[in-house]
Amino acid sequence: MDNSATRNEPLSSSAPPPPSPNSITYDPQAIERKWQRIWQERGTNHTDLQRAQRPFYALMMFPYPSAEGLHVGNLFAFTGNDIYGRFQRLMGHNVFEPLGYDAFGIHSENYALKVGQHPMDLIPRNIANFQRQLESAGLMVDWRYRLATTDPSYYKWTQWLFLQLFKQGLAYKKQAAVNWCPDCKTVLANEQVIGGLCERSQTPVEQRLLEQWFFRISEYAPKLLENLERIDWSDTTRTAQRNWIGKSEGAELVFATRDTEGGECEIRVFTTRPDTIYGATYMVLAPEHPLVERLTKSGERRDVSAYRERTKKRDIITRKTSIEKTGIFTGSYAINPATEKEIPIWISDYVLMEYGTGAIMGVPGHDQRDFEFAKKFDLPIVRVVCGEREDVNTPLHEAFTECESGTLVNSGVFDGFRVENAKKAIVEFLTKAGSAKPVVHYRLHDWCISRQRYWGPPIPIIYCESCGTVPVPEKDLPVVLPFIEDFKPDDSGVSPLARHKEWYLVECPKCGKTGRRETDVSDTFLDSAWYFLRYPSVGRDDVPFEKNVTMKWLPVTSYIGGNEHAVLHLLYSRFITMVLHDAGQLDFEEPFTRFRAHGHIIREGAKMSKTQGNIVNPDEYIEHWGADAFRMYLMFLGPYDQGGDFRDQSISGTRRFLDRLFASVQSMSSDGGGEPDHSVMRKLHQTIRKVSEDIPRLSYNTAIAAMMEYMNVLRKGERTPHRDEVFPLITLVSPFAPHIAEELWEQTGETGSVFDSAWPSFDPALAAEDLIELVVQVNGKVRGRVMVAPDTTEKAALVAALADPAVSKFVASAPRKVVFVPGRLLNIVV
RNA sequence: GCGGAAGUGGCGGAAUUGGUAGACGCGCUGGACUUAGGAUCCAGUGGAGCAAUCCGUGGGGGUUCGAGUCCCCCCUUUCGCACCA
């Protein structure tokens, strides 16, 4: 790229320095040990939360401390955040970079069961190991504010949070179906059910109904959606949230019918296509729909019951995944409010009770699922929308679902309406007739927080025979999770805590009679939905988050984490923040001002996994290459937001770069005299600009490439670099390789920490090129290059270009057109 | 099936708004230094061709003076979610 500089103004080069007999070589292990010790002694990574003038909260998603130890993926994520935080510090911010542990949950519990140990013994050991590994990576973490969700001083406030939601009527109990594995005797998450079988025991999974606690997140759906427009987040993450919330605008339509006794009743359906109502030729209810009982005629009763039984037996997943349409006619008919014709009422499991109203109108002409159903059961298919170049008689081989080009037919007075207009007009018309209303529906459903497990914070509720459901008084928090030996789930289907009377039998806080504690624990997502509020207030036992420090440090300035949490964790955190805001506890609604998702790294093209045996243990690499070279390699192997491919062989590249940096400082120290080279200084300032632009974009791989490029210029032809050429590079490298930066900072005679200094300033005058290479094209093909001043005019450029025989030989006649992009290119069209 | 992301040398990957395709690194080749080199340094490295030149960003069309980048169709990989009415 920069051979222009060399070609036109060769760099001054001097003979290589004679090898010094006592020259120092780069010893990362010694340097890293030394600086980690000094950082600790001097409190270099401590942030004065009270006195900070320019607070910058650089948060990263906290890890789950597994027994296998720190995953290189964790380190990839944390290093990216650390670079950003260190850079912001050098830009003059007071950066707070806390880290903690998300240590409750099913993974720890299952692992503890597997190895026959108790999570209360296991987790602290895992945390200690993680701590050691994280410290060896040289992160700028203020460990004084470390937290662990399993610590009673933390989950005391997780329980407090539950009580706040309970007080506001946002926590409630309802029956919900869960996947149940009769062999493992436990509730399974959807992801643990594969093809209707338990992923571990291969046993067919059943459905069970349990009373569970829910949070009314659906009430916040509109705000969760709207605010997405205002926050500075990765687009991919916002899109994922938007899709998850799933707003759909439509209408609720009412179909009148009569039950088997002759009584009037109504079936409500939700539809996004009210314009197709004239094509509704049948209705379908979910098998669980409450009206099924009343609408089933005696002749159909046997078949309907059998079908409902069959549905019940299937687990949730296979029901939702099998595409073969099944169903049974109930014997009853409803009146289509538009056509006023009778249409049959069916039941089928492709209609889900939990979405919409649990009933649909079947419009086979314009919905593919309805089309398949109608084909199978020979129900009438009527076209009510035509596309371009179609008419009412064009046969339908599949459902016609396009809206934009559609025009209505077979729809009475609405014939000829465009689909969009028809939606409004028909809803208006039916609303007047009392059989419709416009409705906005969200896919997002309430958050189930109950877990019939042991390893989580107990839900702070007491059931009393006379007082009912009583919240544990705040002064009695935390409800401590007791140490029990038998934390394994059993066939009872209730939480392990429900086997311990000595724990769950307590006095009712209201009446003093014997009550019973809630024995379910809460979801881990609740632990992590508020931890960012806690960090600045770690150590405060009287409040979950202290008011002043919270106002000063939150919302989080920058949050970085994996896109696998794009939906649940981030959505729940936003919800909890909104709830606390509405309760007057916080003065902001959105917890994370800026969020960026990082990518994931794979190894040699394959996903890292224990079964493949290709997991990278960071310890060995740090031991062999040094933490700085390892950090730098992780950031260099691909774009941070996309991840990349970890290849052992490639680490030598970043290590070599650091070796050369170290050597440059050694050789320049012995060479104090002379002036810095003009073209090297120009490259230096171009590098400062590039690195300063790339770090905020998290484009670390290109920032490192730019520094390597500079290194090549700096040492070209074995020249001896000047101090002024090398010194700013120490700071540029410091966010990536903090230990070596500190060492070289000290070696160049500076005092204190490089991180208490300032980012090098960029001088545009020094970075400007005297001559630039103008590309000359003829008919769009590159035919030559000319060196010209950056402000050369089109005329002058054309003259210079035509002077080049390689160009002029393609220009036989007068140019038809000339395209000139100043400073870049000249295209002669002949 | 729906939604997101992505397809560029031997490999990982560069390429603000359409403007030199392949920066930087690995690997490879040659050379220097060396008792030695799996150390270090220097140089070269998309393909074809002696060369001029031609061909090249998953495939096929299109827009443009000019397309990795924009538009249309198709293929592949990958990650979420599973009939969302």
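We name chains A, B, ... by the order of the sequence lines, and we start the count at 1 in each one.
- Nucleic acid contact for A:Tyr710: none, since no nucleic acid atom lies under 4.0 Å from a heavy atom of the residue.
- Taking atom P in both B:rC11 and B:rU57, one finds a spacing of 15 Å when rounded to whole Å.
- Across B:rC71 and B:rG22, the matching C1' atoms stand 26 Å from one another, rounded to whole Å.
- Remark: A:Arg656 is in phosphate contact with B:rG27, judged by side-chain N or O atoms under 4.0 Å from OP1 or OP2.
- Considering only side-chain atoms of A:Ser652, the nucleotide from B:rA85, B:rG27, B:rU53 that sits closest is B:rG27.
- Applying the Watson-Crick and G-U wobble criteria (two distances, each under 3.5 Å), B:rA5 pairs with B:rU77.
- At a threshold of 4.0 angstrom between heavy atoms, the contacts of A:Arg647 are confined to the sugar-phosphate backbone, with no base atom among them.
- For the C1' atoms, the distance linking B:rG58 with B:rU53 amounts to 27 Å, nearest Å.
- Using a 4.0 Å heavy-atom distance criterion, A:Arg783 is classed as a sugar-phosphate-only contact.
- For the pair A:Arg816 CZ and B:rG66 C1', the computed distance is 13 Å after rounding to whole Å.
- Taking every side-chain heavy atom of A:Asn701 into account, B:rG13 is the closest of B:rG13, B:rG25, B:rC83.
- Of the options A:Asp232, A:Asp641, A:Asp235, a salt bridge (charged side-chain N to carboxylate O under 4.0 Å, His left out) to A:Arg596 is made by A:Asp232 and by none of the others.
- You'll find that the side chain of A:Phe636 is closest to B:rG25, out of B:rG25, B:rA21, B:rC83.
- Between A:Arg242 atom CZ and B:rC84 atom P the separation is 20 Å, expressed in whole Å.
- In this structure, A:Arg369 reaches the B:rC84 phosphate: one of its side-chain N or O atoms is under 4.0 Å from OP1 or OP2.
- Look at A:Arg697 and A:Asp694 and you find a salt bridge, because one of the NZ, NE, NH1 or NH2 atoms lies within 4.0 Å of a carboxylate O, short of that distance.
- Remark: P of B:rC79 and NE2 of A:His565 are 17 Å apart, rounded to the nearest angstrom.
- A donor and an acceptor atom sit less than 3.5 Å apart, one in the side chain of A:Arg824 and one in the base of B:rU17.
- Contact check, A:Lys781 against B:rC55: a side-chain N or O comes under 4.0 Å of OP1 or OP2.
- Residue A:Gln649 has its side chain nearest to B:rC26 when only B:rC26, B:rA5, B:rC65 are considered.
- Heavy atoms of A:Gln777 sit under 4.0 angstrom from at least one base atom.
- Heavy atoms of A:Val829 sit under 4.0 angstrom from primed sugar atoms or phosphate atoms, though from no base atom.
- A:Arg715 comes within 4.0 angstrom of the backbone, heavy atoms only, and of no base.
- When the side-chain nitrogen and oxygen atoms of A:Asn712 are compared with OP1 and OP2 of B:rG25, one or more of them lie within a distance under 4.0 Å.
- When heavy atoms are screened at a 4.0 angstrom cut-off, A:Thr654 is found touching no nucleic acid atom at all.
- In the interface, the side chain of A:Lys716 is not paired with the base of B:rC42 through any donor and acceptor atom under 3.5 Å apart.
- Looking at the side chain of A:Glu693, the nearest of the listed nucleotides B:rG25, B:rU16, B:rU20 is B:rU16.
- The base-pairing partner of B:rC28, taking Watson-Crick or G-U wobble contacts with both distances under 3.5 Å, is B:rG44.
- Between A:Lys683 and A:Glu709 there is a salt bridge, with a side-chain nitrogen of the basic residue lying less than 4.0 Å from a carboxylate oxygen of the acidic one.
- Using a 4.0 Å heavy-atom criterion, one finds that A:Ser248 contacts the sugar-phosphate atoms exclusively.
- Using N1 to N3 plus N6-O4 or O6-N4 for Watson-Crick, or N1-O2 and O6-N3 for G-U wobble, each under 3.5 Å, B:rA51 pairs with nothing.
- Rounded to whole Å, the P atom of B:rU69 lies 24 Å from the corresponding atom of B:rU78.
- Residue-level contact check: A:Asn243 touches the backbone only, with heavy atoms under 4.0 Å from sugar-phosphate atoms and none from bases.
- At a threshold of 4.0 angstrom between heavy atoms, the contacts of A:Leu637 are confined to the sugar-phosphate backbone, with no base atom among them.
- Base-pair partner of B:rG38: not found among the strands shown (Watson-Crick or G-U wobble, both distances under 3.5 Å).
- When both pairing distances are held under 3.5 Å, B:rG19 makes a Watson-Crick or G-U pair with B:rC65.
- Using a 4.0 Å heavy-atom criterion, one finds that A:Lys809 contacts the sugar-phosphate atoms exclusively.
- Distance from the side chain of A:Val819 is smallest to B:rG19 among B:rG19, B:rC24, B:rA14.
- Under a cutoff of 6.0 Å and an axis angle of 45°, A:Arg783 and A:Phe810 form a cation-pi pair.
- Atom P of nucleotide B:rG13 and atom OH of A:Tyr640 are separated by 16 Å, given to the nearest angstrom.
- A:His685 and A:Phe762 have tilted rings, their planes meeting at an angle from 30° to 60° on a 0 to 90° scale.
- Rounded to a whole angstrom, the distance from the C1' atom of B:rC26 to that of B:rG44 is 16 Å.
- Taking atom P on both B:rC42 and B:rG25, the two are 11 Å apart, rounded to the nearest angstrom.
- Rounded to whole Å, the distance from OH on A:Tyr633 to C1' on B:rC24 is 13 Å.
- Residue A:Arg660 is in sugar-phosphate contact alone, with no base atom involved, counting any heavy-atom pair closer than 4.0 Å across all strands shown.
- In a base pair of the Watson-Crick type (N1 to N3 plus N6-O4 or O6-N4) or a G-U wobble (N1-O2 and O6-N3), with each distance short of 3.5 Å, B:rC83 is matched with no nucleotide.
- At the heavy-atom level, A:Glu372 lies nowhere under 4.0 Å from the strands shown.
- The C1' atoms of B:rG46 and B:rG13 are separated by 15 Å, rounded to the nearest whole Å.
- Here the separation of B:rA14 from B:rC65, taken at their C1' atoms, is 26 Å to the nearest Å.
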